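What follows is one structure encoded as structure tokens, with my remarks underneath.
Proteins come first, then strands; the chains are lettered A, B, ... in the order of their sequence lines, and each starts at number 1. In this text, all values refer to a predicted model and were calculated from it rather than measured experimentally.
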Amino acid sequence: MFDSALIPKGVKRCSFAKFFIWVLILHIPVLIGTVAAILCWGLALNQTYLNNNFPFGLWIAADLGIIALGGGAFFTGFLRYVINIKELKNIVNYAVVIGVICYAAAQGILAIDIGQPIRGWFIFWHANVHSMLTEVAFCIMAYFMVLCVEYLPLLLENRQIFKFSVPRSFAHHLHEAMPTIAAIGVFLSCFHQGSLGGVAGVLYGRPFAYREGFLVWPWTFFLFILSAMACGPCFTILITKITEFFAKKKLVKKSVVGILAKISGGLTTLYVLLKIIDTLGWFGLVKEAGAPVKSFYANQPYGWWVLVMEVIILGAIPALLLLNKKTRENEPILILACVLNCAGIVMNRWIMTVQALAIPVMPFDKFVSYHPNWVEWATTLLPLWVGAIVIMLSYRYLPIFPQERELNPY
Amino acid sequence: MSTSEEKERNVAGGEQRTEGSSWRFLVPVIAFFAGFLVFLCIGWGIFPKILYSEKQQPIDFNHQLHVDEMGDCEACHYFREDGSFSGIPKSENCIECHESAMGEHPEEAKLIDQYIEPGKEIPWLSYARQPDCVFFSHAAHVRMAGLDCMTCHGPIGESEHTRPYQYNRLTKYSRDIWGWNIAGIKTNTWDRMKMDDCAECHEENGTNQACFVCHK
Amino acid sequence: MFPFAFEWINDPSHFVFMGGFYFALGGLFIAVNYCVMRALFDWLCKGGENHNEH
Amino acid sequence: MKDAHHKGEGHQEGHGTVYKYGMVINLDKCTGCGACMVACMAENNIPFRKEDTNDRLTQNFWMRVYKISNGGSFPDNDICYLPRPCMHCEGHGHHNRTPCVTVCPAVATDYNHETGIVSQIYTRCFGCRYCMAACPYHVRVFNWWDPKWPEGMEEYLNPDVSPRMRGVVEKCSFCFHRLQRARNKAYSEDRREVHEDEYQTACTQACPAGAITFGDLTNPEHKVYELKKTPNAFRLLEVLGTNPKVYYTSSRAWVRKAADVYVGKEGSGVTHT
Amino acid sequence: MKLDRRAFIELTVGASLGAGAGITFSPLPWKLTDDVAIWTQNWPWTPVPSEGQVSHADTICNLCPGHCGITVRKVEGRVTKIEGRQGYPVNDGGICPLGAAGLQLLYGPWRVPGPVRRVGKRGERNWERISWDKAIAEVVTKLSDLRSKGKPDTVACITATDQGTVPQLFSRFMEAYGSPNYIRTASAEDTNELAMKLLQGKDASVGYDLEKANFILSFGSGLIEGWGSPVRTIQAHSKWRSGNGKKAATVVQIEPRLSNTAAKADMWYPVNPGTETALALGLAHVIIKDSLYDSTFVNNSTSGFAEWRKMVMSEYSPGDVSATTGLSAAKITNLARAFAKAGRPLAVWGRGKGTTPGSLYECMAVLALNALVGNINKSGGVWTTLRSTDLGWPEVPQDRIASSGNGKPRLDGAGTQNYPLVKYRPDELPKIINDNPEAIQALLVHEADPYFTTMDTNRVAEAFEKIPFIVSFSTYFDETAQHADLILPNDHYLERWEDIPSPVGFHKEVLGVSRPVVDRQFDTKHAGDTVMAIAKKLGGTVANAFPWDDYEAVLKEAMGADWDTLAESGYVAKAGSTPSGKFEFYAKPYEPIELEGDSYTQPLTLIPMELMRLASGAIGNPPFCTKTLEETELKGNDLFVEVNPKTAGDYGLADEKYAMLETYRGKAKVLIHLSEGIMPGLVGIPKGLGHTGYDDYLAGKGVNANSFMGVVEDPVSGLSATWGIRAKLTSV
């Protein structure tokens with residue numbers, strides 16, 4: 001094959017032609033997304049269906065969702081390097097790759113979402129330390145650097161680069177320092193996952209989203225961390241399964257996936273319990289403010305089903321599925337549980353942002369609903385396709401899965 | 001290159017080195033420092049030249065002569081009765097004396113036949129022009145704080161010739177705003193009139209630093 | 001972002017926030033530089049022999 | 001190194017006295033004529049578009065007059081007009097917690113303790129719109145388009161207010177530029193305080209019904225000081241604790257009840273016409 | 001040293017790392033990031049208004065008959081703000097939305113840049129600029145040709161009002177030229193003046209002392225929606241509301257729809273539309289029966305009371321009236337008693353903003369109510385405000401052609417035997433022209449937009465086609481100007497001297513003079529100068545009729561003694577001269593005004609709604625005002641008609657859905673707005689939309705309410721008394 005010198009030793013990859021065709025196919029949605037992004041930058045944000053009632057729309061909901069799903073990177077890293085579960089060595093690399101893609105995606109979407117991207121760096125230079133968004137920006141940028149540093153050794157282990165002695169020893173030393181780097185990553189991630197929760201939680205002007213809290217932070221701060229830890233690994237498992245499906249070969253042992261699933265199940269259950277307690281506490285808080293909770297769910301698309309779906313169907317059920325061994329071991333049920341868990345988290349992000357804005361606060365406010373238009377969808381999915389391309393490249397040229405050679409001897 | 005030989009070389013991990021001498025490692029180091037120096041010079045030397053461009057004032061105005069003649073700055077740069085500042089005088093102020101030539105200075109001749117006669121405004125390029133988002137109240141600074149013009153405008157009163165008006169191509173700000181020294185080192189107060197300089201002075205005197213004090 | 005900035009105020013929230021941030025960034029910076037230095041020293045002093053396990 | 005919080009009391013003391021500018025709007029006098037909206041747009045260079053009437057949610061209004069109804073059926077139906085400028089919320093506690101100021105990541109908006117006005121700096125704002133999510137009164141509007149005036153109409157733009165560019169959030173500033181001019185006048189007469197009649201907002205001045213009164217809420221000589229204490233006075237979303245500076249008075253009970261978050265019996269919220 | 005591949009890589013990596021470090025330690029990247037951010041703060045396409053000396057100037061707003069005093073704020077030569085003028089006797093500092101948006105009319109792209117001649121067909125909006133002399137020459141050739149053919153009376157002239165020097169110049173020109181057809185646009189003033197002629201025998205109009213009244217009974221007048229002088233009336237309303245605690249006045253609104261006035265009123269009585277006169281007479285019945293009327297005034301200052309009393313007492317008992325109006329008898333009796341017992345009661349007439357003549361009988365019935373409680377020419381009452389149209393100008397010299405032309409009867413039949421007292425009947429013009437196409441050969445239009453404001457727009461369009469030569473003096477490209485052949489643009493009201501007559505409905509006389517506060521923006525000329533130039537070019541007696549050389553001379557002479565105070569302060573408040581003379585009760589029997597269309601195929605009744613934020617007269621709504629329209633009034637390019645949910649239920653109409661509104665006169669697609677504020681069976685349509693002129697900030701938005709309604713002749717006055725039309729609404 002044309003690029004055989006780059007493919008790691010001892011593994012089989014499809015022909016470069018087939019690979020290149022797939023990359024070209026993926027470039028079509030990427031192109032559409034780029035056109036949408038240029039429209040937003042060029043003609044200003046009137047291209048979307050956002051308006052003064054809905055300053056936050058699909059983009060912010062997707063941002064929060066992607067970063068929650070990307071939580072798998074920091075949590076798997078935490079388990080592997082800090083709690084030292086050696087088994088996870090085989091999947092932490094892939095978690096890092098997914099993390100890099102998710103965080104790059106989040107920053108990409110933010111670059112399109114803000115009205116003046118060229119002076120977006122004001123958030124760092126003139127930082128307002130009390131604002132949750134500042135905290136998010138600082139930590140996402142910092143953790144993205146951590147993720148890049150974690151991704152670096154994988155990059156350096158490419159066959160050609162590995163030939164040079166400097167990169168080789170650099171990669172080796174990076175592995176030695178990885179626990180400290182992962183610890184820093186966990187420290188940062190805990191903060192920004194929490195701040196993303198705080199984004200909605202501090203809005204005391206919006207009774208729907210407002211949660212009192214502990215010292216400075218609202219409860220949503222901790223709920224978001226917990227939900228990211230719970231659903232991150234699920235997302236990693238999901239992407240691994242999808243990659244295995246496309247690669248048509250086993251890449252990670254069942255036992256490794258099993259560990260992640262077990263931990264994720266425990267955390268999801270804890271999250272659902274705390275979420276229910278928080279919701280009940282919130283009912284009390286709102287009643288005391290005089291607003292009957294019924295009115296929050298009176299306007300049509302956001303009826304009571306929303307609460308049931310988010311907490312029960314997409315929360316409790318995956319938790320139970322992941323908790324007991326039998327269902328966790330069974331492959332299709334595991335995938336279903338992961339999908340439900342991830343969908344639950346993304347839905348929670350949508351509710352805490354878009355629905356929080358939809359619920360009228362002043363009694364004489366009119367209820368207005370919002371749905372994203374093609375420009376918003378194209379730009380939100382753009383990082384998904386770019387991510388797919390990056391995964392294909394990493395899978396092809398970098399030794400991501402240590403157990404691959406063991407699982408597919410040839 | 002057959003696969004076996006290629007595999008064999010791979011396994012060895014390319015450890016045998018070409019026979020070059022031990023100073024081989026100097027090549028990248030020299031390259032590093034060369035690149036470093038070249039771009040350092042570009043950054044510090046050439047970049048400011050490209051970034052700032054220069055224009056001449058329409059008329060080479062002699063401040064010293066006028067100050068001796070008229071007394072002080074307030075003669076031409078006066079306060080209106082509603083407290084706002086008139087800024088650079090209009091050509092009708094000049095007409096009061098220069099209706100007809102008062103000497104045979106070529107600049108005055110230029111003033112008269114290009115601006116006074118056709119009744120056009122003189123398109124002065126204001127050195128201290130702040131951007132549109134800034135509200136600067138001369139009344140607050142001159143009347144209340146008792147600052148003299150020199151603090152912000154420097155010794156322009158004693159200048160015989162108008163220095164060229166340098167402005168930033170990108171932002172269109174006069175160079176007096178962001179500062180003359182590219183490194184941002186400020187020797188006297190009028191070298192730079194950026195937000196930080198205003199903030200610094202406000203800080204020292206404990207005056208109010210709310211946004212809407214200086215912004216509009 | 002820096003103590004000399006206009007918005008900077010010496011109060012607990014600034015110290016905590018910026019302190020944590022610079023701590024994390026510093027930690028990362030030190031870790032990476034440590035690896036770079038070690039790699040360079042390996043390359044400079046030991047010159048030839050290397051270890052190809054990774 | 002500055003030791004006192006520049007936003008806190010210590011630093012903003014400045015030399016002048018401390019004001020707390022606010023408004024009292026008499027909803028019995030307000031006829032819903034909209035002169036306040038037009039005067040505000042004329043004073044603050046607010047752009048307008050041909051397609052403004054297509055979508056009220058992307059319109060740019062600093063002062064918006066809401067038409068509220070008691071939801072009764074004919075002939076017991078009643079409507080009332082409620083002009084809504086920015087509330088310039090003060091929030092509570094030593095470090096006030098104005099909903100939009102605490103959330104702005106780049107300190108583009110700030111609560112000024114000396115005047116009680118929430119400032120919005122358009123060149124600092126990079127349009128993340130978080131403050132729009134935080135404000136329950138829909139006061140903050142976003143420049144979804146680049147403002148464009150038809151040929152020749154840039155003549156009437158007011159130099160005291162800088163026209164904004166696309167991609168930034170803007171809001172009512174209580175016509176702060178008029179306080180800046182009033183201060184200039186005061187300084188030229190060697191005094192620091194600004195009298196009540198020297199600083200009035202454009203909407204207060206234009207209101208044909210004299211329904212809007214503006215002044216320093218803490219100064220007994222100003223009219224608003226007394227008006228805000230009338231029994232019928234109320235504030236929008238009082239229960240949320242935003243501590244807004246705009247008081248409304250109305251002799252009609254249903255109007256007062258339409259102000260707060262469904263306070264009172266269940267479902268007492270009003271529908272809209 | 002052998003340059004093999006490895007060395008090359010080492011070289012480039014080393015050099016690029018060095019370059020990177022070099023750049024990072026130089027100011028280049030950081031300064032560029034900062035400057036690019038600053039560039040986004042100063043985009044070249046974001047305007048930067050120029051600074052300068054701020055000055056203020058006082059003048060008078062001429063956008064509606066309210067004539068408020070305004071103060072203009074200027075920066076160097078630019079006008080940046082229009083505000084109400086403090087201390088002006090009419091509006092004392094307040095301003096209305098239209099007045100505040102006046103600068104959009106001064107600087108807008110809809111201004112006529114200079115004299116233009118039409119190129120291509122009418123309404124195609126393409127013009128060619130010509131010089132003033134050529135334009136005037138063209139008008140002169142046309143007019144002198146008509147004169148030579150002995151048909152001077154086929155020239156008509158429409159102006160907004162007949163008071164003030166410029167309208168007088170036009171009427172003097174018409175008289176000197178030889179045409180009796182000088183016509184004023186229709187408004188409630190026509191009926192008020194006619195009523196004053198009939199009941200007081202004076203050439204006067206009706207003024208209301210609103211401020212001092214303490215019981216206001218309004219028959220459908222939009223008191224806080226643009227009636228009379230809008231700002232003055234709104235300020236009066238504030239006085240009624242500011243009894244700090246106890247109410248200063250009680251306001252009763254009689255209207256089938258919950259307008260803003262009805263909402264703010266203390267009591268709102270929704271009567272069946274068209275039965276307001278019956279209610280007035282019913283109230284009179286109760287007042288007389290309980291003998292609560294002011295007998296001293298009635299006995300010695302009125303005449304014909306006995307006969308009127310017999311007519312009222314015989315048919316208008318509370319029982320019958322409640323049957324026709326739909327108001328309970330008890331309410332009628334209590335209302336009458338409350339009205340009569342109030343200290344200074346005042347009954348107000350003039351539906352909506354008073355832009356349509358309305359029924360004369362109704363006006364007289366309301367005035368009779370006021371007479372009953374004896375508040376004629378008293379504080380808090382109805383005042384007869386004398387109208388002086390003669391400015392002491394010399395007699396108009398007429399040559400033979402002129403006198404023969406003037407001898408002919410007026411086209412619109414005003415002043416002929418069947419309409420003896422009426423001065424102008426503008427709404428009749430379309431029918432007259434369509435019946436007799438040669439009737440008008442040339443039309444001059446000044447400060448009016450008949451194409452848009454006259455009822456029955458389709459007939460008006462047909463009529464305009466039949467007029468061969470139309471000259472407009474409009475400052476803007478309004479509808480009439482766009483269908484004219486020649487536009488001789490008048491100066492904008494902020495650019496010209498002009499005397500402003502007393503505001504409508506004001507009980508005192510305030511004579512004002514608007515002055516130029518900004519220099520001319522375009523190649524425009526004062527309409528007075530243009531008319532005089534045309535007259536001078538026509539020569540002969542027409543030229544001699546204008547002894548002045550320019551308009552300013554005309555103004556100075558016309559103002560006479562007041563000129564000095566006017567030049568200095570801009571207005572003169574004259575003491576109201578109270579004319580003596582008896583108040584005559586009009587005892588003829590009353591027949592209600594029947595609407596066009598039949599109730600079987602058109603079951604609903606369409607009534608116009610006049611909104612405060614929507615200019616419905618000759619001036620197009622500026623963009624700021626259109627922007628403030630509620631989303632239940634205009635959405636995109638479609639206007640909403642207001643319908644009661646019950647009616648919508650009966651006819652299958654849904655909220656915010658399209659429906660076809662059809663009347664005898666017109667048909668168009670509209671959106672439905674379900675409102676609990678309108679009486680079932682009624683359809684309310686906002687007046688003032690449906691412009692085709694101006695710019696597409698306003699053109700093409702909504703449908704013109706006038707295109708649905710036709711002229712219903714008032715049996716008593718002969719003016720158009722249309723207050724609605726029968727209509728059909730079918731969902732689309």
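Only the side chain of D:Asn45 comes within contact range of chain E, judged by heavy atoms closer than 4.5 Å. Looking at D:Asn232, neither its backbone nor its side chain comes within 4.5 Å of chain E, counting heavy atoms on both sides. No part of E:Ala699 comes within reach of chain D, as not one of its non-hydrogen atoms sits under 4.5 angstrom from that chain. Neither the backbone nor the side chain of E:Arg232 comes within contact range of chain D; no heavy atom of the residue lies under 4.5 Å from a heavy atom of that chain. For D:Asp160, the part lying under 4.5 angstrom from a heavy atom of chain E is the side chain only. Neither the backbone nor the side chain of D:Val168 comes within less than 4.5 Å of any heavy atom in chain E. When heavy atoms are compared at a cutoff of 4.5 Å, D:Arg252 approaches chain E solely by way of its side chain, counted from C-beta outward. Neither the backbone nor the side chain of E:Lys74 comes within contact range of chain D, judged by heavy atoms closer than 4.5 Å. Of the atoms belonging to E:Gln104, heavy atoms from both backbone and side chain fall under 4.5 Å from chain D. At a 4.5 Å heavy-atom cutoff, the contact between E:Thr40 and chain D is made by backbone atoms alone. For D:Cys30, the part sitting under 4.5 Å from any heavy atom of chain E is the backbone (N, CA, C, O) and nothing else. In this structure, the portion of D:Arg49 lying under 4.5 Å from any heavy atom of chain E is its backbone and not its side chain. In this structure, the portion of E:Asp695 lying under 4.5 Å from any heavy atom of chain D is its side chain and not its backbone.
A side-chain donor-acceptor contact under 3.5 Å links D:Glu43 and D:His177. No hydrogens or angles considered: a donor-acceptor pair under 3.5 Å links the side chains of D:Ser251 and D:Asp28.
A salt bridge links E:Glu642 with E:Arg257: the closest approach of a Lys/Arg side-chain nitrogen to an acidic carboxylate oxygen falls below 4.0 angstrom. Using a 4.0 Å cut-off between a side-chain N of Lys or Arg and a carboxylate O of Asp or Glu, D:Arg164 and D:Glu170 qualify as a salt bridge. Salt bridge status for D:Glu155 with E:Arg111: absent, with no side-chain N to carboxylate O gap under 4.0 Å.
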message: Does E:Tyr107 form a side chain to side chain contact (heavy atoms under 4.5 Å, CB included) with D:Leu157? I'd like the steps, not just the answer.
response: CA-CA 11 Å; E:Tyr107 292 120; D:Leu157 292 178; over 6 Å; no
field: Steps toward side chain to side chain contact (heavy atoms under 4.5 Å, CB included) verdict (D:Thr201, D:Met23)
entry: CA-CA 10 Å; D:Thr201 62; D:Met23 242 180 216; 3.7 Å; yes
message: Let's go through D:Trp254 and D:Asp78 carefully: what are the C-alpha distance in whole Å and the side-chain angles of both, what is the deciding distance for side-chain hydrogen bond (donor to acceptor under 3.5 Å, both in side chains) to 0.1 Å, and is it a yes or a no?
response: CA-CA 9 Å; D:Trp254 72 268; D:Asp78 191 10; 3.1 Å; yes
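Your options are D:Ser162, D:Gly72, D:Pro231, and the one with the most heavy-atom pairs under 4.5 Å with chain E is D:Gly72. Interface summary for chain D: among E:Ile224, E:Leu223, E:Ile95, the most heavy-atom pairs under 4.5 angstrom belong to E:Ile95. Taking chain D as the reference chain and counting heavy-atom pairs below 4.5 Å, the highest number among E:Gln235, E:Gln86, E:Glu633 is found for E:Gln235. Here E:Ile678 is the residue among E:Ile678, E:Thr626, E:Val54 with the most heavy-atom pairs under 4.5 Å with chain D. Heavy-atom pairs under 4.5 Å with chain E peak, among D:Met153, D:Arg56, D:Lys29, at D:Arg56. Note: E:Lys627 leads E:Lys264, E:Lys635, E:Lys627 in heavy-atom pairs under 4.5 Å with chain D. Among E:Pro623, E:Pro47, E:Ala100, the residue making the largest number of heavy-atom pairs under 4.5 Å with chain D is E:Pro47. Per-residue heavy-atom pair counts under 4.5 Å with chain E were compared for D:Cys207, D:Pro150, D:Gly34, D:Ala211, and the maximum is reached by D:Pro150. Taking chain D as the reference chain and counting heavy-atom pairs below 4.5 Å, the highest number among E:Leu634, E:Val79, E:Asn644 is found for E:Leu634. The greatest number of non-hydrogen atom pairs below 4.5 Å with chain E, out of D:Gly167, D:Pro147, D:Ala206, is found for D:Ala206.
Taking the six-membered ring for Trp and thresholds of 30 and 60 degrees, E:Trp43 and E:Trp45 have nearly parallel ring planes, at less than 30 degrees apart. Classified by interplanar angle (parallel below 30°, tilted 30° to 60°, perpendicular above 60°), the ring pair D:Phe74/E:Trp268 is perpendicular.
In this structure a side-chain-to-backbone donor-acceptor pair under 3.5 Å is missing from D:Tyr137 to D:Pro85.
A distance below 6.0 Å separates the ring centres of D:Phe174 and D:Phe214.
Here the CH2 atom belonging to E:Trp110 is positioned 13.0 Å from the CZ atom belonging to E:Phe477, to the nearest 0.5 angstrom.
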